*Asks:* 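Below are the structure tokens for one structure; questions will follow.
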Number of protein chains: 2
Amino acid sequence: MSPHMERNPVAASTLAEVAKLAGVSPATASRVLNGSARTPGAGIAERVRQAAESLGYVANAQAQALAKSSTGLIGLIVHDIADPYFSAIARGVQSAARQERRMVLLATTDGTPAGEKEAAAAFAARRADAIVIAGSRSTRAEDSAANGELAAELERYCRNGGRLGVVGQGIIGLPETEGYRTLPVPNEELARGLAAELAAAHTGPFVIVAGPDGLATSDERVRGFQRGLAEAGREPAEVLHTAFSRNGGFDAGTQLAGRPGDRGGRPCIFAGNDVMAIGIVAALRERGLSVPGEAAVAGFDDIEWLRDFRPELSTVGLPLEEIGRRVTLGALSDLPAEDDAASGITGTVRLRRSTETA
Amino acid sequence: MSPHMERNPVAASTLAEVAKLAGVSPATASRVLNGSARTPGAGIAERVRQAAESLGYVANAQAQALAKSSTGLIGLIVHDIADPYFSAIARGVQSAARQERRMVLLATTDGTPAGEKEAAAAFAARRADAIVIAGSRSTRAEDSAANGELAAELERYCRNGGRLGVVGQGIIGLPETEGYRTLPVPNEELARGLAAELAAAHTGPFVIVAGPDGLATSDERVRGFQRGLAEAGREPAEVLHTAFSRNGGFDAGTQLAGRPGDRGGRPCIFAGNDVMAIGIVAALRERGLSVPGEAAVAGFDDIEWLRDFRPELSTVGLPLEEIGRRVTLGALSDLPAEDDAASGITGTVRLRRSTETA
DNA sequence: AACGACTGGGAATGCGCTTTCCAACTAATC
DNA sequence: GATTAGTTGGAAAGCGCATTCCCAGTCGTT
């Protein structure tokens with residue numbers, strides 16, 4: 001090791017030092033510096049505060065956490081913090097955490113249950129007060145083992161007094177547990193509503209560009225959309241499975257653009273989420289096809305950044321930041337889950353230029 | 001307190017319990033379960049591992065941190081995690097943290113030095129191994145007191161052995177300190193390069209839509225752009241100050257669109273960052289002005305999500321994720337700062353459709 | 001066979017703080 | 001003025017773990 005390795009952890013001053021300087025006991029110093037039920041006399045308090053100030057004392061949160069077994073940490077698990085869907089939720093989580101005087105610990109996974117399990121274990125080790133999971137569940141067969149491990153890890157976490165909040169679908173295989181609650185997102189219902197409105201205006205064939213088969217959020221949206229179509233007396237839409245991302249949409253769009261034209265009129269494409277929709281539009285445009293001229297395209301989520309994208313995207317608005325806030329506050333709350341389930345998340349179908357007819 | 005308050009912190013099992021079950025001392029259990037220089041015999045190790053497994057033992061990271069004074073935490077301070085600029089950097093930080101087997105603790109501020117100081121204090125209290133600051137500095141007079149407090153807080157943090165990495169400009173008032181390093185971003189130089197290229201192609205007047213006066217990143221970009229203009233023999237551009245955000249750009253764009261046309265030809269507008277540029281284009285479009293037809297617009301950052309925005313935005317590409325990685329790794333590194341300063345961050349001027357002429 | 005050099009396991013200490021539990025007072029009551 | 005209730009500060013016992021130090025065995029020398 002090189003000589004400049006000399007990291008001199010001068011070690012921050014401790015409560016004991018402050019106490020000594022102030023001429024009081026550590027107990028008293030603790031009481032005045034860090035909230036306590038008992039408040040020492042004004043004179044003493046002032047002395048202690050001065051001592052702390054002059055020593056540049058900063059309480060060691062680790063030690064405090066150990067002593068009172070509450071860390072003030074909230075673990076957040078997302079697939080990709082740079083994805084606007086997740087970053088919007090993260091903002092909400094952060095806002096709620098701040099309000100509750102906690103800090104958020106961030107973990108990104110590859111989107112697999114295995115990765116989520118790892119993150120959950122890390123949070124459990126850190127004794128986070130709560131864990132918030134924002135990623136979608138996977139119902140794929142090859143993930144079932146990992147799902148089981150994830151459920152086991154989380155169950156243990158909850159059993160040890162941890163709180164757990166999940167966006168959308170519940171954790172597969174995790175039974176109702178004290179401290180565990182899910183924030184339902186009506187993906188299916190909203191997709192159905194979107195399909196209904198679209199079916200009323202479009203005569204051409206419908207195509208669904210979905211995420212991988214077995215990705216719960218995507219599956220719910222597909223199911224709802226098909227249902228809406230059926231209720232409108234339309235044929236089920238063809239479903240293309242691809243990555244649940246902009247590039248996945250782009251690939252699907254390229255594929256669709258390459259098909260022989262006009263098989264039953266101008267197609268209406270429903271993408272599993274907004275960024276996929278953007279990818280589709282980009283691919284179509286690149287192949288010389290205009291939206292909504294030669295194909296209608298709709299997304300889901302109503303990502304804020306897409307506001308200025310043209311053609312304006314028809315989509316389903318979801319209050320992502322609110323979702324983040326709610327799931328966090330819910331997890332932290334001591335009230336029974338029923339209390340806020342009633343006032344569940346609601347979305348709004350928003351038809352815009354990208355699906356206009358004529 | 002309501003009856004369902006009965007949070008029964010069954011308390012996760014402890015090392016001591018595992019040790020007892022395995023019939024060994026806590027010391028031995030610690031050695032086998034959590035890495036140590038000494039490794040107990042194979043038979044013993046197996047017994048301990050089994051005991052841990054059956055008890056569902058999860059080491060308490062807080063206690064470990066306290067015992068060996070290293071938390072494995074990296075604190076990240078950003079203005080807004082939902083802003084694509086910051087979320088891209090955050091992704092890089094997260095990636096580096098993961099590589100170094102650490103977790104990232106997230107704090108968002110209102111962008112003021114006061115908010116950053118508060119976040120820094122929280123990280124210091126948690127004894128984060130490193131703090132990474134991604135927001136821009138403010139040189140405004142009214143922020144100078146808060147800047148001083150921020151510098152003081154950080155200096156103390158570094159003095160106590162903490163590591164600090166800052167993106168772009170250094171912390172105002174913070175002297176060179178052991179463990180403190182800045183990752184320079186050549187904003188000025190790149191803006192100058194952009195201006196040079198733009199000046200060669202545009203004959204009309206230049207306008208700069210900048211962030212608030214005193215926002216270091218914005219100021220650097222403005223300065224560089226003006227310099228590039230001057231070197232090309234052009235008049236200095238008019239500078240409009242507004243919020244460093246999409247809406248700020250939108251407001252400025254609206255204002256510009258309202259001006260009487262053709263005062264010296266088609267204007268070329270340089271926005272302080274990409275999202276502002278998008279706002280400008282949106283405002284112009286709303287007022288019936290086309291880009292690049294009636295005004296050229298350029299941004300800065302080359303945000304990934306804007307790839308599919310039309311007209312494609314001329315901008316300066318910055319490797320944001322790489323910046324996040326580098327600043328994190330740099331802060332954690334024991335090597336002297338010079339070693340990696342040489343291989344600094346580089347950006348690329350990217351001229352695209354939004355500034356095409358004719 | 002006797003000695004030193006190792007080796008593997010345990011006892012004990014401490015990391016920095018919170019929180020009973022106590023003891024010493026002060027103030028209030030009859 | 002004596003008794004009780006109410007305060008206030010301090011001593012001490014942990015919170016869960018890492019680690020230093022110590023001791024009893026083991027093995028290898030000469």
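The chains referred to below are lettered A, B, ... by the order of the sequence lines, with proteins before strands, and numbering in each begins at 1. All figures in this text were calculated on a predicted structure; none of them were measured in a lab.
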*Asks:* Just how far, in rounded Å, is P of C:dG16 from CZ of B:Arg126?
*Replies:* 17 Å
*Asks:* Give the rounded distance in Å between these two atoms: CD of B:Gln62 and P of C:dC15.
*Replies:* 18 Å
*Asks:* Between C1' on D:dA11 and NZ on A:Lys20, what's the gap in Å once rounded to a whole number?
*Replies:* 17 Å
*Asks:* Run the side-chain hydrogen bond (donor to acceptor under 3.5 Å, both in side chains) test on A:Arg325 and A:Ser95 for me, step by step, so that the C-alpha distance in whole Å, both residues' side-chain angles and the decisive distance to 0.1 Å come before the verdict.
*Replies:* CA-CA 7 Å; A:Arg325 281 184 57 81; A:Ser95 143; 2.5 Å; yes
*Asks:* Consider the side chain of A:Lys68, meaning its heavy atoms from C-beta on, and name the nucleotide among C:dG10, C:dG16, C:dT18 that approaches it most closely.
*Replies:* C:dT18
*Asks:* Using the closest heavy atom to pick a nucleotide of DNA chain D for each, name whichever of B:Asn34 or A:Ala63 lands nearer the 5' end.
*Replies:* A:Ala63
*Asks:* More than 12 heavy atoms of other residues, nucleotides or ligands under 6.0 Å from CD of B:Glu142: yes or no?
*Replies:* yes
*Asks:* If you look at every strand shown and take non-hydrogen atoms under 4.0 Å, does B:Ala59 touch a base, only sugar-phosphate, or nothing?
*Replies:* sugar-phosphate
*Asks:* What integer distance in Å separates A:Arg47:CZ from D:dT8:P?
*Replies:* 15 Å
*Asks:* Between C:dC15, C:dG16, D:dT19, spot the one nearest the side chain of B:Ala67, thanks.
*Replies:* C:dC15
*Asks:* Could you report the tightest heavy-atom contact between A:Ser138 and A:Asp143, atom names first, then the distance?
*Replies:* OG-OD2, 2.6 Å
*Asks:* At under 4.0 Å, does any side-chain N or O of B:Thr28 touch on OP1 or OP2 of C:dG9?
*Replies:* no
*Asks:* Counting only side-chain heavy atoms from C-beta out, which of C:dG10, D:dC17, C:dC15 sits nearest to B:Leu66?
*Replies:* C:dC15
*Asks:* Please work out if B:Leu15 contacts a base, only the sugar-phosphate, or nothing of the nucleic acid, heavy-atom cut-off 4.0 Å.
*Replies:* sugar-phosphate
*Asks:* What's the CZ-C1' distance between B:Arg31 and D:dC21, to the nearest Å?
*Replies:* 11 Å
*Asks:* Roughly how many Å is it from CZ in A:Arg127 to C1' in D:dC15, rounded to a whole number?
*Replies:* 11 Å
*Asks:* A:Ser25 has a side chain; which of D:dA18, C:dG10, D:dG10 sits nearest to it?
*Replies:* D:dG10
*Asks:* Answer with base, sugar-phosphate or nothing: what part of the nucleic acid does B:Thr14 contact at a heavy-atom distance below 4.0 Å?
*Replies:* sugar-phosphate
*Asks:* Is there a side-chain contact between B:Val104 and B:Val132, using heavy atoms and a 4.5 Å cut-off?
*Replies:* no
*Asks:* Taking OP1 and OP2 of D:dC17, is either one under 4.0 Å from a side-chain nitrogen or oxygen of B:Gln64?
*Replies:* no
*Asks:* Taking the basic N atoms (NZ, or NE/NH1/NH2) and the acidic carboxylate oxygens, is any pair closer than 4.0 Å for B:Arg91 and A:Asp80?
*Replies:* yes
*Asks:* In whole angstrom, give the distance that lies between atom CG of B:Asn60 and atom P of D:dG14.
*Replies:* 18 Å
